[in-house]
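Accompanying notes for the structure given below.
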Amino acid sequence: MKLAALTLLLFLSVTLSFSQDNSYLIKGKVVDTAASYTMVNSTVTILNQKDSTLVKFSRVAQDGTFQVNNLRSGKFILLITYPGYADYAEQFSLDSLKREKDFNSINLVLKSTLLENVIIQGKVAAIKIKGDTTEFNAGSYNIQPNSKVEDLLKQLPGMQIDKDGNITAQGKAVKKVLVDGEEFFGDDPTLVTKNIRADMVDKVQLYDKKSDEAAFTGVDDGVENKTINIKLKEDKKNGYFGKVDLGAGTDKFYQGQAMINIFKGKQRISGYGIFGNTGQTGLGWEDGDKYGSSGGTQFEDGVYYIGGGDDLGGWNGRYDGRGIPSTKTGGLHFEDKWNKDKFGLNTNYKIGSLGVKGSSSNLTQNILPQDANGVLRTINSASAQQFDNSTFRQKLDATLNFQLDSTSTLKLIIDGTQKETKTREDFASFSSRADSSLINTGDRQVTNDADQNLFNINAFYTKKLKKKGRTLSATLTQSLNQNKSNGFLNSKNEFFNEAEQLDSMRNIDQSKTNNSLSSILSSRITYTEPISKATSVVFNYGLNLNNSTSDKKSFNKSGTGLYDQLDTLFSNNFKLNQLTNQGGATVNIKKEKATINFGTNVSAVQFRQLDLYRNRKFDRNFINWNPNASYRYRFSQQKSLSISYYGYNTQPSISQIQPIRENTDPLNITIGNPDLNPSFNNRVSMGYNSYKILTDQYIYFYGSYSFINNPITNTTFTDAAGNNTYQAINLNETPTNFYFNGSTSRKIKAIELSVGLDVSANGSKNFSMINGVLATTRSNNYSTGLSISQNKDKYDFRISGGPSYNDSRSSLPSSTNNQGWGATGNASFNVKLPGKVQISSDGQYKFTAKTQTFNQDFERIIINAFIAKKFFKAENLQIRIAVNDLLNQNVGFDRSSSNNMFIENRYTTIQRYFMGSIIWDFNKMGGTAKK
């Protein structure tokens, strides 16, 4: 009762206050003086000046007058509209000294009359938010002659592009860049951003791309990838354009690329070639290692995969900034639509080779609990690696779309990949006690040659049934993955007692082979039934079959010098059969501006694995449960909010239950735990988008929080000699993770300067057992940055940067807290000088402070610059002289923490060189292609 009385009193107080402060009004009369006509029923709208939100609206009376009462004090915009007449807008304010505003007679002008005398220049809204899609109008940004999509994206709020062309939008990595909604060379976004001309772009759309099924049913299934869609102007879809770029530099650096695109309406033909050793690989092979091909028996979505699982297959065949790359790659793209768009084809062929040479070094501090005598133990380790790896890959894929009739479609996706990988890696390491006395040393040489063949085919059928909202869809997928490899392992470890005397040695000299084959057939059928105009239910059922084999052999060298003695301890021959039944239901509610989804999926998995060498079976039946819920609310075309929850089981993997014995790293051994139970993961997320047209202000934030029930984690035992033995266990603790990214930008119109602020935070709390003691590891990182940018015809610049703070700590009594500040900064500018000369530069600054574990600061400044002279009226030919890493400070560096370990890594990467280039952009675009 007290709470109800208090609520009523508060309500009456607010109501009384509101009624007392809303005694302001405006009035006036609307006419067309040229026609002596009163504009009856004209719409009178009152908007807030600050954000253009609606305050009130009314209609003009029969005598042409209007009056809007019960307004509050503030700054507003009066907007009067009438069909066929130009809109009238005027700013005004109301306050305690001016409680009434009389606009007197307002004259509207016919649009036809206005257009006869003046040219109206209207600014289209730079940003529109349509549901979960943010759309940027390219015409609202500064586009220079022959600039590329990458140059346009750099100007868009909430987007960042690094020197390698990797895109981050709204705090997430962009996985795909489409052109008019279609794949363009599939898995390499840079082939769009670095080659498509910016002046061809009409709109840039940013959204989370759903699965085909979710896009058809409108029900979120949790599958999404941050995607950019480049919509081209209609008059830029006929003709050809391309680029040739050749350069030679000091220290044997070189690069070259060529690309041509031929557009004719909906038909597009493209080809490219790239070579060089400057890091521009053009190899977006994100889908090159499907189904666990690069190692390990894995578990994902109720499906186990059998693979290699050790250092013999450790390199994934991509360039990640470590070492010096050497690249040769090319590709062809074709797409078209026929028969009134009832049939469409999108196909790509890519071929390429990549070699990477380099070195890296690691410093690791392993924190251990007190021993039985109460003595604190810390193991400090240092390791060095030399690597020389190479890969060759070719891939052909095709997407075919069929419009079978007005209610049904069929989509086929086919791809095949052939890949060869060679790895040559040497490792050297040593470990010492806290008093610097030696514990162990190690040397390893690993070589491996691997061949992989992948084939995937996916069919997706959709059908709209007679009742509105009733749909049927079905998916059938077949995947084949074959791996063959052979390699050698040669390792030597020496162990020392506390007096630093040699105590024991361990030598391994083996040849290893691995042959695996995985065949996975999956199917899914989905049915949507409308319950009402606003509500529908989606039912789904799926059946998956997985049949795989893995035959791995290790051979010791005999007295004959041949590797012909089978080591049965480190050899395995597995056969896997798995059957999965999956079903679920989701309720979808769409009402006005809100969309709500909630439901669950349940999977029943029958797992059978046979160890043919030891004639042992491993059977496991389990249930996976995946509840989910989401809520989206669209306040307006420029503002939206989304909230979602997703839950899922994580089953223990075979490597955790019954691991394949490995000896490629003798100091780190894993044993199995057949008593493991599944864990359950929970993730809650929220996202918000807002764009205010009048102030050109953009606001975005995304945050997520996750926690795990009954988590699967490691228990680690480290002996006095530095040997680590790992085993997976369930803990009655709750690990957590959080992530937040928020950004805002606003243009100061008086000086045409864009100012932005970005805030990020992420952290985790994890648990493990270290020598029988529970260890809680917390790792949190916070960062913020301010950006200032301006784009003019003659120049543009961008400056961004800010501090960061990292806090990594363990609960172990002997552990140190690795807390330290850091800072990053980025700056770039372009200046157009007389005589078609352009000067450009960019720089990156990074600082990482020393910590209790790592007692040295790290500081790095990387400056790149070029000067270019352009020729011809179109400025499409240029000669460029460039310098990379002018200060020669580009040393690879990162720090991380894992359980009770703190790790610092340094590695070789591309440093200073000078390069001269000639670049030719050519195009002949315009007009609309004949249909």
Side-chain angles (χ1 to χ4, degrees), residues 144 146-155 159-168 189-190 193-195 198 243 245-257 274-282 319-327 358 785 787-791 795-801 823-833 837-847 858-870 878-894 906-919 921:
Q144 297 294 327
N146 300 305
S147 63
K148 302 298 184 272
V149 165
E150 182 179 72
D151 302 306
L152 171 61
L153 296 182
K154 289 178 180 179
Q155 302 180 50
M159 288 199 193
Q160 297 175 349
I161 302 178
D162 66 17
K163 60 184 180 64
D164 299 318
N166 299 311
I167 306 170
T168 301
T190 61
T193 60
K194 290 182 178 294
N195 292 284
K243 179 176 74 172
D245 182 350
L246 299 173
T250 58
D251 297 326
K252 298 182 180 179
F253 280 98
Y254 63 93
Q255 69 177 22
Q257 63 170 302
I274 298 173
F275 64 91
N277 60 354
T278 62
Q280 184 179 355
T281 63
Y319 178 60
D320 59 1
R322 299 168 186 261
I324 308 298
S326 177
T327 306
S787 65
I788 302 173
S789 63
Q790 190 174 62
N791 284 273
Y795 70 89
D796 66 80
F797 72 87
R798 178 180 174 85
I799 302 172
S800 65
T824 58
N826 295 276
S828 64
F829 74 85
N830 289 280
V831 178
K832 295 177 70 176
L833 301 176
V837 175
Q838 179 182 359
I839 298 177
S840 179
S841 180
D842 65 81
Q844 299 93 42
Y845 172 78
K846 181 175 183 177
F847 171 77
F858 176 81
E859 190 171 26
R860 178 181 67 195
I861 301 175
I862 302 173
I863 298 178
N864 309 309
F866 73 81
I867 181 170
K869 165 69 175 177
K870 296 183 178 180
Q878 64 171 296
I879 296 176
R880 176 184 296 187
I881 298 175
V883 58
N884 179 79
D885 188 20
L886 180 64
L887 303 180
N888 207 36
Q889 295 186 9
N890 190 20
V891 176
F893 172 88
D894 60 67
R906 296 174 185 254
Y907 50 89
T908 58
T909 189
I910 299 170
Q911 291 187 279
R912 181 171 57 201
Y913 65 83
F914 295 86
M915 180 167 291
S917 304
I918 182 169
I919 304 170
D921 283 278

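- Scanning for salt bridge (charged side-chain N to carboxylate O under 4.0 Å, His left out) contacts around R860 gives an empty result, with sequence neighbours left out.
- Residues passing the side-chain hydrogen bond (donor to acceptor under 3.5 Å, both in side chains) test with R912: none are found, sequence neighbours excluded.
- Residues forming a salt bridge (charged side-chain N to carboxylate O under 4.0 Å, His left out) with R322 (at least two apart in sequence, or on another chain): D320, D894.
- K870 meets the side-chain hydrogen bond (donor to acceptor under 3.5 Å, both in side chains) test with Q838; sequence neighbours excluded.
- Using a 4.5 Å heavy-atom threshold, the side chains of L833 and Y795 count as separate.
- Scored by the side-chain hydrogen bond (donor to acceptor under 3.5 Å, both in side chains) test, N888 finds no partners at all (sequence neighbours excluded).
- Not counting sequence neighbours, the partners of V891 by the side chain to side chain contact (heavy atoms under 4.5 Å, CB included) test are Q911.
- Every residue meeting the ring-ring contact (aromatic ring centres under 6.0 Å, His included) condition with F253, not counting sequence neighbours, appears here in chain and number order: Y913.
- Among residues two or more places apart in sequence or in another chain, the side-chain hydrogen bond (donor to acceptor under 3.5 Å, both in side chains) test is passed with S917 by none.
- Considering T824, I861, N826 as possible partners of Q844, the one that fulfils the side-chain contact (heavy atoms from CB on, under 4.5 Å) test is N826.
- Residues passing the side chain to side chain contact (heavy atoms under 4.5 Å, CB included) test with T908 are S359, sequence neighbours excluded.
- Partners of F829 under the side chain to side chain contact (heavy atoms under 4.5 Å, CB included) rule, at least two apart in sequence or in another chain, are F797, V831, I839, S841.
- Legend: residues meeting side chain to side chain contact (heavy atoms under 4.5 Å, CB included) with K243, ordered by chain and number and at least two apart, are K148, N195, Q257, I919, D921.
- For the atom pair CG of D151 and CG of D796, the computed distance is 8.5 Å after rounding to the nearest 0.5 Å.
- For F858, the ring-ring contact (aromatic ring centres under 6.0 Å, His included) criterion is met by F893, not counting sequence neighbours.
- Under the side-chain contact (heavy atoms from CB on, under 4.5 Å) rule, N864 has a single partner from N890, V883, L886, N884, which is N884.
- Remark: I881 CD1 is loosely packed, at most 12 non-hydrogen atoms of other residues, nucleotides or ligands lying under 6.0 Å away.
- Here Y254 contributes atom OH and S326 contributes atom OG; the two are 4.0 Å apart, rounded to the nearest 0.5 Å.
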